[in-house]
Colleague: 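Could you have a look at this structure, given as structure tokens, before my questions?
Only a predicted model underlies this, so the values are computations on that prediction, with no experimental measurement involved. Naming: A, B, ... by sequence-line order, numbering from 1 per chain.
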Number of protein chains: 2
Amino acid sequence: MTDTPRPADQGDALDQFLCFSVYAAGLAFNRVYKPLLDRFGITYPQYLALVALRDSNGRTVSELGGKLHLESNTLTPLIKRLEAGGLVTRNRDKQDERVVRVALTDAGRTVVDEALGCVPAAILEATGMQPQDLKALNVSLASLGSALRNGAAASDADGR
Amino acid sequence: MTDTPRPADQGDALDQFLCFSVYAAGLAFNRVYKPLLDRFGITYPQYLALVALRDSNGRTVSELGGKLHLESNTLTPLIKRLEAGGLVTRNRDKQDERVVRVALTDAGRTVVDEALGCVPAAILEATGMQPQDLKALNVSLASLGSALRNGAAASDADGR
DNA sequence: CTTGTTAAAATCGTGCACGATTCAATCGTG
DNA sequence: CACGATTGAATCGTGCACGATTTTAACAAG
């Protein structure tokens, strides 16, 4: 533990790629979250969806997708699994039968609240970083993400 | 286009989560990479694997996994797809028949070199950020990633 | 009312990521 | 040499992410 005798992950071309750091950090987050969320019987994307629903319950699949940056082809099965677990309900909107509104059940709200009560603190500790550093990193990454999303649209509108 | 008239992705709890910024940035990177890599017939993880191989050809599956932070259950099928595409070869080591050595073919090397010739520049442009800012972000993220990986190991050795 | 169009969600096929397990080769010790 | 333990890779089942397509509902002329 005092030394990591694996000199293999330094100095390679991959380490110069920001995209790889993002990719690897995503994998690492997933692995830290997994044992924490297993106790609630949910996965990491499901956790994100539940947190999004907590903020604005009864949103449509599209609206949820807008927050999570996912389409219905990914969200529909995920939400159905949450429904099968009794954490959310899915109901067609009476005014517009095309849209499906997703809402937390009482059990679902309990799970999110309990998870939010302990998971973020555990994650914070796992990062070993100061809250203000994490916040700064969060701001940079959020702006990177929206640049990548808008940039793709811009090059479409641009000239191709 | 000058403005993004969707007020839906600001101010939510998710936006306060660093893990979500990492997750969303990863999705966004994937979407920018996809059309760029489609022309070479490879996926984003396959691209990362080829770049890793370019640095140290003939590495074992485990060594490659050490660089990419992946296990054989993920790498084996990925490498077999690269082999099916004629980009790498897989050979059992003569000294130790347990290990499989993966090497770029000439076609594979050509693909990586051509991809590296144009893709990184396109990605840089898509981020719309200055190289030094990206570099700083890369350093922060790399340290976050290794903290998350070591933190898990530390809590293993720590009190359990 | 009918027909063409748009919009939201769902469905399908492929590839990734991972926990758990299996299989074969190597090694360690007797 | 033998045999239990370890190691490296592969296999299997589940869930995610995505492109492409389909289905159903709403809407807009005519």
Colleague: Please check if any side-chain donor atom of Lys67(B) sits under 3.5 Å from a side-chain acceptor atom of Ser56(B), or the reverse.
Modeller: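 Yes, a side-chain donor-acceptor pair sits under 3.5 Å.
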Colleague: Whole Å only: how far is the CD1 atom of Ile79(A) from the P atom of dG15(D)?
Modeller: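 Atom-to-atom, Ile79(A) to dG15(D), this comes out as 15 Å.
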Colleague: In whole angstroms, how far is the C1' atom of dG15(D) from the CG atom of Leu82(A)?
Modeller: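 Distance check: Leu82(A) CG to dG15(D) C1' gives 12 Å.
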Colleague: Just how far, in rounded Å, is C1' of dA8(C) from CD of Gln95(A)?
Modeller: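 Taking CD of Gln95(A) and C1' of dA8(C), I get 16 Å after rounding.
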Colleague: Look at the side chain of Asp96(A) and decide which nucleotide, out of dA10(C), dA9(D), dA26(D), has an atom nearest to it.
Modeller: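 The nucleotide sitting nearest to the side chain is dA26(D).
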Colleague: Counting C-beta onward and ignoring hydrogens, is there a side-chain heavy-atom pair between Pro45(B) and Leu78(B) closer than 4.5 Å?
Modeller: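 Touching, per the 4.5 Å side-chain cut-off.
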Colleague: Ignoring hydrogens and geometry beyond distance, is the side chain of Ser72(A) in donor-acceptor contact with the base of dA8(C) at under 3.5 Å?
Modeller: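 Check fails, no donor-acceptor contact within cut-off.
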Colleague: Find every protein N or O atom lying less than 3.5 Å from an N or O atom of nucleotides 16-19 of chain C, and list the pairs.
Modeller:
unit_1  : atom_1 : unit_2   : atom_2 : d
dC16(C) : OP1    : Thr43(B) : OG1    : 2.8
dC16(C) : OP1    : Gln46(B) : NE2    : 2.8
dC16(C) : OP2    : Arg81(B) : NE     : 2.6
dC16(C) : OP2    : Arg81(B) : NH2    : 2.0
dA17(C) : OP1    : Tyr23(A) : OH     : 3.0
dA17(C) : OP2    : Tyr23(A) : OH     : 3.1
dC18(C) : OP1    : Arg31(A) : NE     : 2.7
dC18(C) : OP1    : Arg31(A) : NH2    : 3.0
dC18(C) : OP2    : Arg31(A) : NH2    : 2.7
dG19(C) : N7     : Asn73(B) : ND2    : 2.8
dG19(C) : O6     : Asn73(B) : ND2    : 2.9

Colleague: Could you check how far CG of Asp38(A) sits from C1' of dG15(D), rounded to whole Å?
Modeller: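 Between C1' of dG15(D) and CG of Asp38(A): 12 Å.
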Colleague: I'd like to check Phe17(B) versus Val51(A) (side-chain heavy atoms, cut-off strictly below 4.5 Å). Are they in contact?
Modeller: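 SC-SC contact between Phe17(B) and Val51(A) confirmed.
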Colleague: Could you tell me if the side chain of Leu82(B) sits less than 4.5 Å from the side chain of Leu50(B), heavy atoms only?
Modeller: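 Of all side-chain heavy-atom pairs linking Leu82(B) with Leu50(B), at least one is under 4.5 Å.
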Colleague: Measure CG/Leu75(A) against P/dA8(C) and give the value in whole Å, please.
Modeller: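 Whole-Å distance recorded here is 14 Å.
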Colleague: So does Glu71(B) have more than 12 non-hydrogen atoms from other groups sitting under 6.0 Å from CD?
Modeller: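 Not buried by this count: 12 neighbours or fewer within 6.0 Å.
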Colleague: Is any side-chain N or O of Arg98(B) under 3.5 Å from a base N or O of dT7(D), one able to act as donor and the other as acceptor?
Modeller: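 Indeed there is one.
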Colleague: Sub-3.5 Å donor-acceptor pair from the side chain of Asp12(A) to the main-chain atoms of Leu14(A), do we have one?
Modeller: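 Pair absent, no side-chain N/O of Asp12(A) close to backbone of Leu14(A).
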Colleague: Rounded to the nearest angstrom, tell me the gap between atom NZ in Lys80(B) and atom C1' in dA10(D).
Modeller: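 Distance, rounded to whole Å: 6 Å.
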Colleague: In Å and rounded to the nearest 0.5 Å, what is the CG to CG distance from Leu144(A) to Leu18(A)?
Modeller: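 CG of Leu18(A) is found 5.5 Å from CG of Leu144(A).
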Colleague: Given atom CZ of Arg92(A) and atom P of dT23(D), what is their separation to the nearest angstrom?
Modeller: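 That distance rounds to 15 Å.
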Colleague: Nearest-Å distance, CD (Glu83(A)) to C1' (dA10(C))?
Modeller: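 For the pair Glu83(A) CD and dA10(C) C1', the rounded distance is 13 Å.
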Colleague: Which base sits across from dT24(D) as a Watson-Crick or G-U pair, both distances under 3.5 Å?
Modeller: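 For dT24(D), the partner nucleotide comes out as dA7(C), under the 3.5 Å rule.
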